[in-house]
Amino acid sequence: MNRTTILSNLIAELESFPEIKLLDAKKDKERFSRDFFDYSPVLEQKLGGCIADLVVRPHSVKGAALVAGACKRNGVPLTLRGSGTGNYGQCVPLSGGIVMLMGNLNEIRDINISTGVVTVETGCLLGDLEKKLLSQGRQLRLLPSTWRSASIGGFVAGGSGGIGSVRWGFLRDPGNVLGMEIITVEDDPQILQLDEKASEAINHAYGTNGIISALTIATSPAVAWKEVAIDCGNWGEAVDLMQRCSRSAVELRLCSLLEKNILEKIPEWSGPSMGKHRLLLLVAPDGITTIQRLAESAEAHFTLLGSENLQSGTGLRELSWNHTTLHMRSSDRAWTYLQLLLPQPEIEAMNILKSRWGDDLLWHLESVSQQGMQRLAALPLVKWKGNDSLNELMNHCRDLGAVLFNPHVITVEDGGLGVIDSEQVKAKQLFDPEGILNPGKLKGWKK
Ligand SMILES: Cc1cc2nc3c(=O)[nH]c(=O)nc-3n(C[C@H](O)[C@H](O)[C@H](O)COP(=O)(O)OP(=O)(O)OC[C@H]3O[C@@H](n4cnc5c(N)ncnc54)[C@H](O)[C@@H]3O)c2cc1C
């Protein structure tokens, strides 16, 4: 049977289900086949032409399972989409087929009052979930800087960490994701409940090895965070202060450091640039005096900006993580970025890289907890000068001992530690044995 006939059969089957809305207009197919991969000029070249044959929006878990079964029986690729805010083309359908929008599966099923553990459907927006949790005295442990628009399922399947990582590490750290409900891709799909251990293989697998319909996650007690900016004239002293703040006994939600050239190009939500490097912190109220004392002992300029206002959209959250990249790209589209864990001592590696790359490499650091240790993650801004130059820079970082999470590649493995996770591949064998889900993104899958 040719591709057109297969698709017509599939569409006829899906049209008979009231639980599913079909979107066949060219503009919908184009819009829902993209994410923010244009942050990478490399991916832009590769993915610009990829387009779904059909977009579907199920209204229930049952509807999503009907789509999964129909795709499997007809051998049509199925790519899942939350809010489409990923940066690496995670939800771009490389081989066409169906893109399934998960946004209508958005019920918050349960918040356990005594433990704070929440069970929520995949498409629930993190902003909506956070609002609901705050009304119960809880908050999410980890949020991407796209927290207003991104979905919880897309964050777990495609993201890694962000606001909160200074304390809670990354989504794949034990204890953050406690369980999942998934739909298998079989002739007659099953809805399975996975415990914490079994969920690990689905976490950050780009929706290649199971359809997440709901997740159970840990939360933390709500804190009325205060926004603080600290300006330092010297980069080495700024890095040192950042480390002293994040290693202190003060509760932090965010601890970012921006090189002064970045501050001059992004919105002035943390105050006008003083021509210095700036630390941006979200601090628990009882930690303010300590952070002020640490700043003053480093002869840095401390500013208490006030309480975090989640309504505004102009808070420190929206200047951190990849939002820094977003603002820099608004000033000049030639900026792209890298993601790395710096080798220790960080300042030495940064100085070596700076002396070679000058102002084509601007430092943006985020303090993170990595397996219980405070480390510096870097999301440096990189001036695009072509593939060869980017590769030379990445090799330079690796040679110095940095761990690179390459944002210019499309597979789970190449964007991660570069190695195949056999548990992810085993999960695909179990839950998507014919390789229908998001083909081309799991390198370890050879079928
Ligand atoms: C400006 C900017 C800032 C960002 N900041 C951060 C940050 O701080 N931290 C961070 O981690 N990321 C960040 N990101 C990337 C992205 O926004 C987040 O990871 C976000 O949480 C993705 O959620 P989403 O709903 O948009 O997912 P999508 O982009 O829709 O999907 C992401 C992946 O998850 C898969 N998926 C979606 N739903 C399901 C499902 N139900 N089952 C299985 N797989 C599924 C998709 O197929 C895709 O592979 C940023 C991106 C931008 C553009």
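As the structure is a computational prediction, the values presented were derived from the model and not from experiment. In each ligand, atom 1 is the first atom listed, and ligand 1 is the first ligand listed.
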Distance-only donor-acceptor hits, side chain of residues 154-165, under 3.5 Å, sequence neighbours excluded:
unit_1, atom_1, unit_2, atom_2, d
Ser165, OG, Gly162, N, 2.8
Ser165, OG, Gly162, O, 3.2
Ser165, OG, Gly169, O, 2.7

Sequence neighbours excluded, the answer for ring pair (Phe, Tyr, Trp, His ring centres under 6.0 Å) partners of His277 is Trp235
Protein neighbours of ligand 1 with a heavy atom under 4.0 Å, given by chain and number, are Phe36, Tyr39, Leu80, Arg81, Gly82, Ser83, Gly84, Thr85, Gly86, Asn87, Gln90, Cys91, Met102, Thr122, Pro144, Ser145, Thr146, Ala150, Ser151, Gly154, Phe155, Ala157, Gly158, Gly159, Ser160, Gly161, Gly162, Tyr206, Gly207, Gly210, Ile211, Ile212, Trp321, Asn322, His323, Leu326, Asn438
Can Arg3 and Asp53 be counted as an ion pair, charged N to O under 4.0 angstrom? yes
On a heavy-atom basis, the closest approach of Ile211 and Met100 is CD1-CE, 4.1 Å
So the ring pair (Phe, Tyr, Trp, His ring centres under 6.0 Å) pairs with at least one residue in residues 167-226 (sequence neighbours excluded) are His204-Tyr206
To the nearest 0.5 Å, atom CD of Glu196 lies from atom CG of Asn176 at 9.0 Å
